[in-house]
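The block underneath contains the structure these notes are about, expressed in structure tokens.
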Number of protein chains: 2
Amino acid sequence: MRTDVDTDTDQVSLAVSTVIFALRPHPTTGRTTLWLPLVRRIREPYEGRWALPGGPLRPDEDLAASARHTLERTTGLAPRHLEQLYSFGAVDRSPEDRVVSIVYWALVRPDEDARATDGENVEWFVADDVRGLAFDHDTILRYALARLRAKITYSPIAFAFVTPEFTLADLRAVHEAVLDRSLDPANFRRQVLASGTVTATGSYLTGTSHRPPALYRRAALPEEIR
Amino acid sequence: MRTDVDTDTDQVSLAVSTVIFALRPHPTTGRTTLWLPLVRRIREPYEGRWALPGGPLRPDEDLAASARHTLERTTGLAPRHLEQLYSFGAVDRSPEDRVVSIVYWALVRPDEDARATDGENVEWFVADDVRGLAFDHDTILRYALARLRAKITYSPIAFAFVTPEFTLADLRAVHEAVLDRSLDPANFRRQVLASGTVTATGSYLTGTSHRPPALYRRAALPEEIR
DNA sequence: ACAAAAGTGTTCGGGATACACCCATGG
DNA sequence: CCATGGGTGTATCCCGAACACTTTTGT
């Protein structure tokens with residue numbers, strides 16, 4: 001039991017990690033699903049294991065800024081959605097030293113993540129298939145997945161996964177990929193239009209082998225919903 | 001810009017603070033409302049100002065354990081509900097030094113908090129009237145209040161405010177106090193009973209000047225809802 | 001003409017709301 | 001017997017789910 005807390009504060013270190021989600025086709029089924037980039041640890045503990053990208057918090061940067069730096073280092077891209085997930089601080093979550101991790105989660109667009117080439121120690125995985133991560137990162141990933149799937153049902157975060165102009169089918173495909181079930185096109189359309197979160201651009205997407213769908217843009221939000 | 005992160009980690013210190021809510025009658029209106037205990041700062045920065053109870057995280061204790069210790073020191077009581085709220089880490093939230101605070105929020109019962117005598121530097125305040133706290137604690141308190149009011153509508157956290165055996169009127173009073181509006185007794189009853197979160201004890205509360213209300217207990221939860 | 005997806009209309013059922021009304025106790 | 005809250009019944013509205021049906025393009 002320590003008593004000299006004030007003179008010995010460096011025993012607890014603080015890290016910021018990020019769960020980065022993107023949508024890509026599943027390697028076997030072809031259905032669009034959630035992927036995330038992981039980094040291979042190059043030193044102990046858990047050397048050689050995959051882990052969430054992260055790093056120590058610098059004294060001169062905010063928590064979200066730290067998460068953005070991590071994401072930039074990993075994928076080379078700026079997230080369209082970045083949000084604090086939870087803080088994990090169990091005493092034994094890291095062997096030897098004591099580390100508290102403040103975890104963020106981010107969403108990036110498929111057209112963006114195409115530019116993100118895998119580095120030598122960075123690789124993308126199907127989120128639901130990931131197991132055996134370093135530290136308590138399995139737990140963190142499950143938690144992030146649950147949060148994403150819950151939040152997409154009541155919050156307009158699906159926009160982070162589509163291009164600035166999109167069809168309602170695009171938006172529906174995002175929901176279907178995240179929730180892993182099909183949704184009624186008619187009802188989905190009505191719900192989205194009724195929510196007032198989209199505005200029609202007036203133009204239509206041509207080149208499809210069927211009726212051209214209307215293009216929409218995200219509406220200027222009168223009241224921000226966290 | 002620092003580069004020797006590993007050898008100089010004590011520049012960012014980590015604290016755990018707790019927003020503790022209890023229900024008490026409002027001093028002027030008499031209506032039951034939310035109160036919380038605050039501690040007066042006895043040193044700089046913000047000396048003399050009121051602040052949320054908290055303290056540095058010890059290397060040997062988990063985050064929630066740290067919050068419990070703080071709460072025990074302040075009110076002398078164990079919370080019936082303790083939950084992580086959010087982590088605040090803006091660079092300028094504390095002058096001079098850099099402090100990241102992981103904030104928890106707790107709910108205590110009125111019959112418990114009666115035993116919590118105010119210390120010389122501890123005082124209870126009406127939550128909605130509090131302003132001018134130290135650091136960014138005003139922001140934190142607003143955030144906690146919003147979270148509590150949102151969460152009570154879809155999660156059975158009201159039990160944390162009532163005794164083990166309670167009438168449905170007791171439970172309704174909690175909701176009304178937190179949301180600050182009256183609820184239809186008939187509909188409230190049906191919703192609670194339909195939710196399956198309560199079980200009738202079979203006994204009734206006597207001594208009232210009207211029909212004796214049935215007493216209920218919290219049901220054993222088949223599926224925990226966070 | 002046909003396929004395929006866009007887009008519209010309609011029905012059905014469950015849950016929330018509002019409110020009338022009866023029940024059981026103390027005074 | 002009256003006041004007071006406990007407790008039940010019920011009509012209404014709204015919203016989501018299900019699904020039939022029309023529209024508009026490419027091939």
Side-chain angles (χ1 to χ4, degrees), chain A residues 25 30-32 149-156 158 162-163 165-217 219 225, chain B residues 25 30-32 149-156 158 162-163 165-217 219 225:
Chain A
R31 287 176 51 98
T32 307
R149 288 182 168 130
K151 187 149 192 173
I152 204 172
T153 62
Y154 65 88
S155 182
V162 295
T163 51
E165 296 208 347
F166 52 88
T167 67
L168 293 184
D170 293 335
L171 204 60
R172 179 163 51 84
V174 170
H175 279 82
E176 290 180 335
V178 171
L179 299 176
D180 196 30
R181 64 190 180 90
S182 55
L183 300 171
D184 186 297
N187 295 328
F188 182 83
R189 144 183 297 275
R190 267 187 293 261
Q191 288 168 14
V192 172
L193 294 180
S195 73
T197 54
V198 298
T199 35
T201 64
S203 52
Y204 295 83
L205 179 67
T206 56
T208 61
S209 71
H210 52 77
R211 174 173 175 174
L215 287 170
Y216 293 85
R217 205 179 286 116
I225 309 163
Chain B
R31 287 176 52 97
T32 307
R149 289 182 168 131
K151 187 148 191 173
I152 204 173
T153 62
Y154 65 89
S155 182
V162 295
T163 51
E165 296 208 345
F166 51 88
T167 66
L168 293 184
D170 293 335
L171 205 60
R172 180 164 50 86
V174 170
H175 280 81
E176 292 180 335
V178 170
L179 299 176
D180 195 30
R181 65 189 180 91
S182 55
L183 300 172
D184 186 298
N187 295 328
F188 181 83
R189 143 183 298 276
R190 267 188 293 261
Q191 287 168 14
V192 171
L193 293 181
S195 74
T197 54
V198 298
T199 34
T201 64
S203 52
Y204 296 82
L205 179 66
T206 55
T208 61
S209 70
H210 52 78
R211 175 173 172 175
L215 286 170
Y216 292 85
R217 205 179 286 116
I225 308 166

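Every chain is numbered from 1, with letters handed out A, B, ... down the list of sequences.
- Between Gly30(A) and Pro25(A), the shortest heavy-atom contact is O-CB, 3.7 Å.
- The CZ atom of Phe188(A) sits 15 Å away from the C1' atom of dA5(C) (whole-angstrom rounding).
- Summarising the geometry, atom OG1 belonging to Thr201(A) is positioned 9.5 Å from atom CZ belonging to Phe166(A); distances are rounded to the nearest 0.5 Å.
- Taking the charged nitrogens against the carboxylate oxygens, Asp180(A) and Arg31(A) do have a contact shorter than 4.0 Å, which makes a salt bridge.
- We find that CD of Gln191(A) is positioned 17 Å from P of dC14(D), with the value rounded to whole Å.
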Would you list the atom pairs, donor with acceptor, under 3.5 Å between side chains in residues 168-177 of chain B and any protein atom, with sequence neighbours excluded?
residue	atom	partner	partner atom	Å
Asp170(B)	OD1	Thr167(B)	OG1	3.4
Asp170(B)	OD2	Thr167(B)	N	3.0
Asp170(B)	OD2	Thr167(B)	OG1	3.2
Arg172(B)	NH1	Glu176(B)	OE2	3.4
His175(B)	ND1	Leu171(B)	O	3.1
Glu176(B)	OE2	Leu183(B)	N	2.8

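- Put simply, OG1 on Thr199(A) and CG on Leu193(A) are 10.5 Å apart, with the number rounded to the nearest 0.5 Å.
- The distance from atom OH of Tyr204(B) to atom C1' of dG7(D) is 10 Å, rounded to the nearest whole Å.
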In the 5'-to-3' direction, what one-character label does each nucleotide of nucleotides 19-27 of chain C receive under the scheme B = base within less than 4.0 Å of a protein heavy atom, S = sugar-phosphate only, - = no such atom?
B---BBBS-

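- Nucleotide dG7(C) holds its P atom 11 Å from the CG atom of Asp170(A), rounded to whole Å.
- With rounding to whole Å, Leu168(A) atom CG is found 21 Å from dA4(C) atom P.
- Rounded to whole Å, the distance from CZ on Arg181(B) to C1' on dA18(C) is 13 Å.
- Distance, Leu193(B) CG to dA16(C) P: 13 Å, rounded to whole Å.
- Atom CZ in Arg172(A) sits roughly 15 Å away from atom C1' in dA17(D) (whole-Å rounding).
- Residues Pro212(B) and Leu205(B) come closest through the heavy atom pair CB-O, 3.3 Å.
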